[in-house]
Amino acid sequence: MDAGGAPIPRYKWVKQQLLAAIAAGDYDVGRPFVTQREICERFNVSHATAVRALNDLAADGYVVRRRGQGTFVAERPAAPPDAPDPAGRTIACVLQHQGPHVGQLLAGVEEICAEVGYRLFLNHCDGDPEREAKALHAALDHQVSGIIVYPAEGNTAIAPYAEARRRQVPLVMLDRYRPDLSIDAVVADNFAVGHDLTTTLIDGGHRRIATLWDEVDVTSVRDRLAGHVQALREHGVPVRPDLTVLRRYRDQPEDTRRALLADLLGGRFPPTVLLCANGYVLATAAADLVALGREIPGDIDLAGMDDAGPFDVLPLTAAAVRLPSRQMGRRAMRLLHERISKGAGGPELVVLPVTVHTRQSAPGHLRAFGADSIP
C-alpha cells in the first residue's frame, strides 16, 4: 500500500524493501549487491519484476552496474562545482511542530553546534512526512556533514535515509526512533514515563486511569503505553479497554472530545484521573472538563506524561513527567559530531532518564471550575 492506502506495483514494493536494506547497512558501499536471482527467491517475484526493481535503483543512483562484475551499492557522488564545501561543517536539523519541548531540543543542539563549530541548517516540518523527506533530500543536496531528524508520525519513507547511507552522511534521530531503520537515536525513557507516572498515580490512590493521546503512530507513544500497561499489571489493576486505549483526542472536533469525556465520566465506574499524552492534550482536556461543568481536582484529576505544552502543567496535575529535552538535543548533537569526526559506529540508542513530579512538589496549586460547579 502507498501512503494513501492504494496498492503499489510489485516491483516498487521490492524496491522499497531493497532501499530499506541499504538504509539499514545490510549492503556496504562498493560491495556486491543482491542479484536478480536472489531477489526472485527472496521476494517470490518474477525475473521481470526483479529486473525492473534493480533498474529503478540504478536509475536513481542507489546502485551501479559494472560489466562482468555485477551490481554494487553506489559510492557517494562527488559534489558539483557550485555545491557548498563539505568542510564547511554544516549540519541539518529537521524538526516537527513547535513549542517549549521542541524549542529546548533545538537549544541543546545549538549549544553543542556552537561549542564544536558547526553551522545549523534548520527545517520545521509540522508533522508532515512529505516535507520531512524533502527537507532531508535538500540537506543532502547541500552536502551537509550530518543530520539530526525528529521523525514525523507514521513516516514510512525510506529513500532519504537510504540516500544518506549511500552518501555516508551520519544521521541521528531525536525524541523518537524508526524501528524499521538501523540508525542512531537519542530519546527519553518513554517506557519509564508510562510506568513510573502510572505507579505514582496508583500509589496516590488512583486505580481507574483513562489515557488520552495526541499522536498515536510513534515509538514514544507506544513505549509510554507499554509502560502504563506494565505498571497496571504489576499492581494488580485491571487493564480496562475503555480506559487503556490508544485513541486520538486533541485533534478531534470539540463535540467529539466532550462527548468522549461525558461518556467516560458518566459510566458506572468512571476514571478518577485522566493520563494525558502531553501538556497540549492536558490543556485541551482541562478546557473540555470546565465546559462540562467539572471541577479539577475534585470531580476528576489530571496527569501529564510530559511537560510539553502551552503552560507549566504541574500546578494543575496530580503528577507530571519532566522530559530532559535540552539534554536530549545536546546528546544527539554530540553523538552526531562523534560520527562525523570518527566515522561510523553503532548504531546506538541513547535513552535518557526522566523525572516524575507530584502536585506536592509544585510551588503552587491550581483548581479549575466549570460554571455549574461555582457556588
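From Q96, atom CD reaches atom NE2 of H124 across 9.5 Å, with rounding to the nearest 0.5 Å. Distance check, rounded to the nearest 0.5 Å: SG of C125 to CD of E130 gives 11.5 Å. Atom CG in L201 sits 4.5 Å away from atom CG in L197 (nearest 0.5 Å). Here the CG atom belonging to L120 is positioned 13.5 Å from the CZ atom belonging to R89, to the nearest 0.5 angstrom. Residue D141 holds its CG atom at 5.5 Å from CZ of R167, rounded to the nearest 0.5 Å. Rounded to the nearest 0.5 angstrom, I148 CD1 and L335 CG are separated by 8.5 Å.
Cluster annotation: V116 is connected to L122 through the hydrophobic network of ILVMFWY side chains, with a link wherever side-chain heavy atoms come within less than 4.5 Å. Using a 4.5 Å cut-off between side-chain heavy atoms of Ile, Leu, Val, Met, Phe, Trp and Tyr, with links allowed through other members, L246 and V273 fall into the same hydrophobic cluster.
Scored by the side-chain hydrogen bond (donor to acceptor under 3.5 Å, both in side chains) test, E348 finds no partners at all (sequence neighbours excluded). The side-chain hydrogen bond (donor to acceptor under 3.5 Å, both in side chains) test applied to D184 returns R339, not counting sequence neighbours. By the side-chain hydrogen bond (donor to acceptor under 3.5 Å, both in side chains) test, R52 is found to be paired with Y11, residues two or more places apart in sequence or in another chain being considered. With sequence neighbours left out, the side chain to side chain contact (heavy atoms under 4.5 Å, CB included) criterion links E215 to H97, E153, R176, V218. For T156, there are no side-chain hydrogen bond (donor to acceptor under 3.5 Å, both in side chains) partners two or more places apart in sequence or in a different chain. Applying the side chain to side chain contact (heavy atoms under 4.5 Å, CB included) criterion to A192, with sequence neighbours excluded, gives D189, D196, V354. With sequence neighbours excluded, the residues that form a side chain to side chain contact (heavy atoms under 4.5 Å, CB included) with A185 are M173, Y177, L349. Checked against side chain to side chain contact (heavy atoms under 4.5 Å, CB included), D203 has the following partners two or more places apart in sequence or in another chain: T199, H235.
The two residues L336 and L171 have their closest heavy-atom pair at CD1-N, 4.1 Å. Smallest separation of non-hydrogen atoms from L323 and A188: CD2-CB, 4.0 Å. When every heavy atom of T198 is checked against every heavy atom of G194, the shortest pair comes out as OG1-O, 2.6 Å. Smallest separation of non-hydrogen atoms from V321 and M305: CB-O, 3.2 Å. Closest non-hydrogen pair, S145 versus I340, comes out as O-CG1, 3.4 Å. Closest approach of L302 and A286 over heavy atoms only: CD1-CB, 4.0 Å.
Side-chain atoms of V109 and Y118, non-hydrogen and from C-beta on, never get closer than 4.5 Å to each other. Side-chain contact between S220 and V187 is absent, with no heavy atoms from C-beta onward closer than 4.5 Å. When side chains are defined from C-beta on, I158 counts as touching L181, because their heavy atoms get closer than 4.5 Å. At least one side-chain heavy atom of R42 sits less than 4.5 Å from a side-chain heavy atom of V34. At least one side-chain heavy atom of I202 sits less than 4.5 Å from a side-chain heavy atom of L232. With contacts defined as side-chain heavy-atom distances shorter than 4.5 Å, the pair L136/I147 qualifies. When side chains are defined from C-beta on, R224 counts as touching D306, because their heavy atoms get closer than 4.5 Å. Annotation: side chain of E41 is in contact with side chain of R37 (closest heavy-atom distance under 4.5 Å).
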Under the criterion side-chain contact (heavy atoms from CB on, under 4.5 Å), I'd like the reasoning laid out for Y150 against M328: C-alpha separation, chi angles, the key distance, then a yes or no.
CA-CA 11 Å; Y150 181 140; M328 290 164 63; over 6 Å; no
Trace of the side-chain contact (heavy atoms from CB on, under 4.5 Å) decision for L265 with D299:
CA-CA 9 Å; L265 299 178; D299 297 326; over 6 Å; no
Walk me through it: do V237 and I209 pass the test side-chain contact (heavy atoms from CB on, under 4.5 Å)?
CA-CA 10 Å; V237 178; I209 305 170; over 6 Å; no
What verdict does the side-chain hydrogen bond (donor to acceptor under 3.5 Å, both in side chains) test give for N55 and R65, after you've listed the backbone C-alpha separation in whole Å, the side-chain angles of each residue and the deciding distance to 0.1 Å?
CA-CA 10 Å; N55 285 344; R65 291 189 171 104; 3.0 Å; yes
Step by step, work out the side-chain contact (heavy atoms from CB on, under 4.5 Å) result for I39 and T49.
CA-CA 9 Å; I39 291 173; T49 297; over 6 Å; no
Test H101 against N278 for side-chain hydrogen bond (donor to acceptor under 3.5 Å, both in side chains), laying out the working first.
CA-CA 10 Å; H101 171 58; N278 54 47; over 6 Å; no
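Between the side chain of W213 and the main chain of V245, a donor-acceptor pair closer than 3.5 Å is present. Remark: side-chain polar atoms of N155 are paired, donor with acceptor, to backbone N or O of A157 under 3.5 angstrom. In this structure, R240 contributes its side chain and R208 its backbone to no donor-acceptor pair below 3.5 Å. With hydrogens and angles ignored, the 3.5 Å screen pairs no side-chain donor or acceptor of R322 with any backbone N or O of T355. In this structure, the side chain of H142 engages the main chain of A138 through a donor-acceptor pair within 3.5 Å. Put simply, the side chain of T71 never gets that close to the backbone of R66: no donor and acceptor are under 3.5 Å apart.
Applying the salt bridge (charged side-chain N to carboxylate O under 4.0 Å, His left out) test to residues at least two apart or on different chains, the pairs with a partner in residues 254-267 are E254-R258, R257-D288, R258-D288. Within the structure, ring-ring contact (aromatic ring centres under 6.0 Å, His included) contacts touching residues 29-49 (residues at least two apart or in different chains) are W13-F43, Y27-F33.
Other cluster members for F72: V64, joined by side-chain heavy-atom distances under 4.5 Å among Ile, Leu, Val, Met, Phe, Trp and Tyr. Connectivity analysis of hydrophobic side chains (ILVMFWY, heavy atoms under 4.5 Å, direct or indirect) links F191 to nothing; its cluster partners are none.
In the displayed structure, R247 atom CZ is contacted under 6.0 Å by more than 12 heavy atoms of other residues, nucleotides or ligands.
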